[in-house]
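Working notes for the structure below.
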Amino acid sequence: MKENELPVLEISNIDWDSDHDEFEKLPKQVKIKWDSKIWTISEVSDWLSLKFDWIFSSLNIQQIGTWENSGCSCCPSGCGCC
């Protein structure tokens, strides 16, 4: 991986806790541009819980590619607005 390349992660088979009011609207799969070369299951799991404000029982995470960081500091997870 080049210095400015960061991982694209696919979070799949997300088994959300079904006590959520809108359980059916929660995603079963998410692809994200991670903003660090190094990631852990714990970090990604915490991010997912915070993003959707809910807990889950299990998930799968794999790196499916890379993205190039353009140096934008306002875009965590690489939204690409700049």
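None of these values were measured; they are calculated from a predicted model.
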Exercise. NZ of K28: more than 12 outside heavy atoms within 6.0 angstrom?
Worked result: yes
Exercise. Among all residues two or more places apart in sequence or in another chain, which pass the side chain to side chain donor-acceptor pair (under 3.5 Å) test with N4?
Worked result: E68
Exercise. Between F52 and V30, is a side chain to side chain contact (heavy atoms under 4.5 Å, CB included) present by the stated rule, with each step listed?
Worked result: CA-CA 11 Å; F52 294 98; V30 178; 4.2 Å; yes
Problem set entry | Close side-chain approach of Q63 to W39, heavy-atom, < 4.5 Å | yes
Problem set entry | Nearest atoms (heavy-atom pairs only) where D19 meets W54 | C-CZ2, 3.5 Å
Seminar exercise, completed: Smallest heavy-atom separation, S36 atom then P7 atom, equals O-CD, 3.2 Å
Exercise. side-chain contact (heavy atoms from CB on, under 4.5 Å) with I64: which residues, sequence neighbours excluded?
Worked result: V8, E10, K31, Q62
Problem set entry | In one Ile/Leu/Val/Met/Phe/Trp/Tyr side-chain cluster, 4.5 Å: W34, I41 | yes
Exercise. Do you know which two heavy atoms are closest between K33 and W67, and how far apart they sit?
Worked result: CB-NE1, 3.4 Å
Problem set entry | Result of checking L48, D17, I11 against F56 for side chain to side chain contact (heavy atoms under 4.5 Å, CB included) | L48
Problem set entry | Stepwise side chain to side chain contact (heavy atoms under 4.5 Å, CB included) test for I14 and L26 | CA-CA 9 Å; I14 305 168; L26 293 168; over 6 Å; no
For this session: Drop me the distance from N60's CG to N13's CG, to the nearest 0.5 angstrom.
Result: 4.5 Å
For this session: Kindly say whether P27 contributes a backbone atom to a donor-acceptor pair with the side chain of W16 at under 3.5 angstrom?
Result: yes
Exercise. Under a 4.5 Å side-chain heavy-atom rule over Ile, Leu, Val, Met, Phe, Trp and Tyr, are L6 and I38 clustered together?
Worked result: no
